[in-house]
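The next block holds one structure in the form of structure tokens; read it before the comments.
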Amino acid sequence: MEEYKGLTDNELIARLKKYNISHGPLVGTTRKLYEKKVYEYEK
Amino acid sequence: SQKCQNFVSEPMGNKPITAVDGIDEELGAKLAAKGFDKAYILLGQFLLLKKECAAFQNWLKSSFDASSSEAEQ
Amino acid sequence: SQKCQNFVSEPMGNKPITAVDGIDEELGAKLAAKGFDKAYILLGQFLLLKKECAAFQNWLKSSFDASSSEAEQ
């Protein structure tokens, strides 16, 4: 999970879009949730 | 529940976080400690998550240790 | 403005970000690219900023290069 913290917002959004994961904006209170979604998808 | 009915019967205005059905004093304190001290701020988070219930519930559980039933309520 | 009157005359529902007064196609595209593609999501951010106008305007300006007048509108 740690590696996802290092992704820029754009990089994380790109992965969310690539995996067709529905998402809202990446702000302080939502970012971690979307990191977890990408992590779970890739796992 | 009665708490839910009370909450939805009028605009939430400046109601505290504990006015939200499913949020007791303990969970409310954890939310408030992170800035979510008012019901309307929690609404803001829900809107930011594009009103997706599952995402919102997951966020409550992973960030504040809410139980599944608390998160659903 | 007429745009503002149109926007506040009814619930925002699922209106696009460009329905918000002060947000033109260019600014709307920047906001949408970061996930703020609907008016209600922008409302979410405003609520999360505890409805503080100055903070909200500063956020629009620093994150999306909105001008002062766009941010105020």
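Just so we're on the same page: letters track the sequence lines, and every chain starts at 1.
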Approximate separation, where rounding is to 0.5 Å, of [X] [atom1] and [Y] [atom2]:
X	Y	atom1	atom2	answer
K32(A)	S63(B)	NZ	OG	6.5 Å
L33(A)	K61(B)	CG	NZ	11.5 Å
E40(A)	N58(B)	CD	CG	7.5 Å
K34(B)	T29(A)	NZ	OG1	12.0 Å
E52(B)	H23(A)	CD	NE2	10.0 Å

| field | E25(B) atom CD, neighbour heavy-atom count above 12 within 6.0 Å | value | no

| message | Please find the pair of heavy atoms, one from K37(A) and one from A55(B), that lie closest to each other, and give the distance. | response |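 Residues K37(A) and A55(B), closest heavy atoms: NZ-CB, 4.1 Å.
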
